[in-house]
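Here's the structure we're looking at; comments come further down.
Note that the coordinates shown come from a computational prediction; the quantities given were computed from them, not determined experimentally.
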Amino acid sequence: MTALAGDDAVTEVLVALADPTRRLLLDRLAAHGEATATVLAGRLPVSRQAIVKHLAVLDRAGLVEGHKQGREMRYTVRPEPLGATARWMSAVAMQWDTRLAAIKRIAER
């Protein structure tokens with residue numbers, strides 16, 4: 001296991017991305033740059049209240065950031081946690097590739 005395997009930040013990102021609605025919200029925010037919960041709810045078959053809860057999970061994972069503009073909270077994507085998670089996944093994949101190569105060498109002897 002890599003040092004990042006127990007990293008709470010990676011765990012939070014994976015938990016947040018486990019839900020298809022949250023992945024869709026990230027896709028929508030990435031495509032439009034910035035949006036409010038009301039705008040996002042208008043484009044999805046989900047209530048505004050549910051969108052706010054999903055955005056809170058994404059915010060906890062560091063995947064979105066909200067800032068107030070007037071009376072509205074506007075959300076944008078923060079890609080950095082995705083990069084850290086992708087690096088962790090690559091490290092795990094490399095470890096498995098190494099293990100599988102060793103098994104193949106043993107099996108071919």
- request: Tell me, please, which residues at least two apart from Val46 pass side-chain contact (heavy atoms from CB on, under 4.5 Å).
  value: Thr21, Leu44, Ala50, Ile51
Glu34: partners by side-chain hydrogen bond (donor to acceptor under 3.5 Å, both in side chains), with sequence neighbours left out: His67, Arg74
query: How long is the gap from CG on Leu25 to CZ on Arg23, to the nearest 0.5 Å?
result: 11.0 Å
query: Where do Val13 and Trp88 land on the side-chain contact (heavy atoms from CB on, under 4.5 Å) test, with the steps shown first?
result: CA-CA 11 Å; Val13 169; Trp88 173 77; over 6 Å; no
task: Please report the closest heavy-atom contact between Ala41 and Ser47, naming both atoms and the distance.
output: CB-C, 4.1 Å
query: In chain order, what residues pass the salt bridge (Lys or Arg N to Asp or Glu O under 4.0 Å) check against Arg78, with sequence neighbours excluded?
result: Glu80
Pairs flagged by side chain to side chain donor-acceptor pair (under 3.5 Å) wherever residues 53-62 is involved - sequence neighbours left out: Arg22-His54
message: Could you work out, with side-chain contact (heavy atoms from CB on, under 4.5 Å) as the rule, every residue matching Met73, not counting sequence neighbours?
response: Lys68, Tyr75
task: Nearest 0.5 Å please: distance from the CG atom of Leu58 over to the CG atom of Leu26.
output: 5.0 Å
- prompt: When clusters are formed by joining ILVMFWY residues with side-chain heavy atoms under 4.5 Å apart, either directly or through shared neighbours, do Met94 and Ile103 land in the same one?
  reply: no
task: Flag yes if Val52 and Leu29 sit in one hydrophobic cluster, no otherwise; membership is Ile, Leu, Val, Met, Phe, Trp, Tyr, and two members link when side-chain heavy atoms are under 4.5 Å apart.
output: no
query: With a 4.5 Å heavy-atom cut-off, do Val57 and Asp19 have their side chains touching?
result: no
message: Restricting to non-hydrogen atoms, name the atom on Gly62 and the atom on Pro81 that form the minimum distance, rounded to 0.1 Å.
response: O-CG, 3.1 Å
message: If the condition is side-chain hydrogen bond (donor to acceptor under 3.5 Å, both in side chains), which residues does Thr38 pass it with, not counting sequence neighbours?
response: Arg48
task: Evaluate the side-chain proximity of Leu40 to Leu55: yes if any heavy-atom separation is below 4.5 Å, no if none is.
output: yes
- prompt: Any chain of hydrophobic side-chain contacts (each under 4.5 Å) joining Ile106 to Leu100?
  reply: no
message: Check for me, please, whether Leu14 and Leu63 land in the same ILVMFWY cluster - side-chain distances under 4.5 Å, paths through other members count.
response: no
- request: Output the distance between atom CG (Leu17) and atom CD (Glu12), rounded to the nearest 0.5 Å.
  value: 11.0 Å
